[in-house]
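Heads up, the thing below is written out as structure tokens.
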Amino acid sequence: MKIAVCPGSFDPVTYGHLDIISRACDLFDRVYVAVLTNPAKRALFTADERVEMLSRATAELDTVYCEKFSGLVVEYAKARGAVAMVRGLRAVTDFEFELKMASMNHYLDKDIETVFMMTSNEYSFLSSSAVKEVASLGGDVSAWVPGPVAEALAKRYSAMAGSEL
Ligand code: ADP
């Protein structure tokens, strides 16, 4: 069985992520979507909320398992029996960061390959941070994230606006 890991922050999950995850399912028998819990990186949603949104969004993909993890991705991947980590590439700017990460991970564990997938054209501009920016200003993000995620964003930002009063 070929197993892959799709690691990331997913704060929150977008259709760009879901495109990469479903394409990874076509190549691997099982895909673990791993939500990084990094206290140094301030997230809008807790790791549990992010896992719950991902699990809902991938409910129809029965070879996908969503969970949170902390520490080194290569250690997590090894523990899950994965042969590869799948990452998405959008623009040239992603390349430099991803090359650095892939090189470091290769140094840490030579048995785990990093596989890159090009973003689909319609999602090339899409990122969680852009979605958050638009949602925080009250804009419509329903073309970029699943319905429950758009609702969670609206709820979170209105709660934050309320607490600032
Ligand atoms: P990070 O926290 O490392 O920036 P993210 O959680 O944003 O990672 O995303 C996880 C993975 O999904 C990364 O490989 C990222 O490049 C990829 N990704 C995010 N948005 C898109 C998109 N619109 N198209 C393709 N890949 C994407």
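This chain uses plain numbering: 1 for the first residue, then up along the sequence. Both counts, for ligands and for their atoms, begin at 1 and track the order of listing.
- Ring geometry, F125 versus W144: the interplanar angle exceeds 60°, so the pair is classed perpendicular (tilted spans 30 to 60°).
- With a 4.0 Å heavy-atom cut-off, ligand 1 is reached by no atom of M117.
- Residue-level proximity to ligand 1 for P7 is carried by the backbone, the only part with a heavy atom below 4.0 angstrom.
- Summary of contacts: the protein heavy atom closest to atom 12 (O) of ligand 1 is H17 CD2, 3.2 Å.
- A donor-acceptor pair is defined here as one N or O able to donate and one able to accept, closer than 3.5 Å; such a pair exists between the side chain of R50 and the backbone of F45.
- For ligand 1, one of its N or O atoms has an N or O atom of G88 under 3.5 Å away.
- Shortest non-hydrogen contact noted between H17 and P12 is CE1-O, 3.7 Å.
- The shortest N or O to N or O distance between S127 and ligand 1 is not under 3.5 Å.
- Among protein heavy atoms, the minimum distance from atom 6 (O) of ligand 1 is reached at S9 N, 2.6 Å.
- Heavy-atom contacts from other residues, nucleotides or ligands closer than 6.0 Å to NZ of K155 number 12 or fewer.
- Remark: the backbone N or O of L44 is paired with a side-chain donor or acceptor of D11 at under 3.5 angstrom.
- In this structure, R80 is positioned above the aromatic face of Y32, its NZ or CZ under 6.0 Å from the six-membered ring centre and within 45° of the axis.
- Residues D48 and T46 bring no donor and acceptor atom of their side chains to less than 3.5 Å of each other.
- Residue-to-ligand polar distances keep D94 apart from ligand 1: every N/O pair is separated by 3.5 Å or more.
- In this structure, the separation between CZ on F28 and CD1 on I3 is 10.5 Å, given to the nearest 0.5 Å.
- The shortest N/O to N/O separation between T14 and ligand 1 does not fall below 3.5 Å.
- The protein heavy atom nearest to atom 4 (O) of ligand 1 is K41 NZ, 4.5 Å.
- Only side-chain heavy atoms of I20 come within less than 4.0 Å of ligand 1; its backbone N, CA, C and O stay farther off.
- Scanning R90, E98, M118 for the heavy atom closest to atom 27 (C) of ligand 1 points to R90.
- Considering each of I21, V35, T119, V86, the one bringing a non-hydrogen atom nearest atom 24 (N) of ligand 1 is T119.
- Ligand 1 places these atoms under 4.0 Å from at least one heavy atom of F10: 6 (O).
- Summarising the local packing, CD of E122 is surrounded by more than 12 heavy atoms from other residues, nucleotides or ligands at distances under 6.0 Å.
- Taking any N or O of R87, backbone or side chain, at least one lies under 3.5 Å from an N or O belonging to ligand 1.
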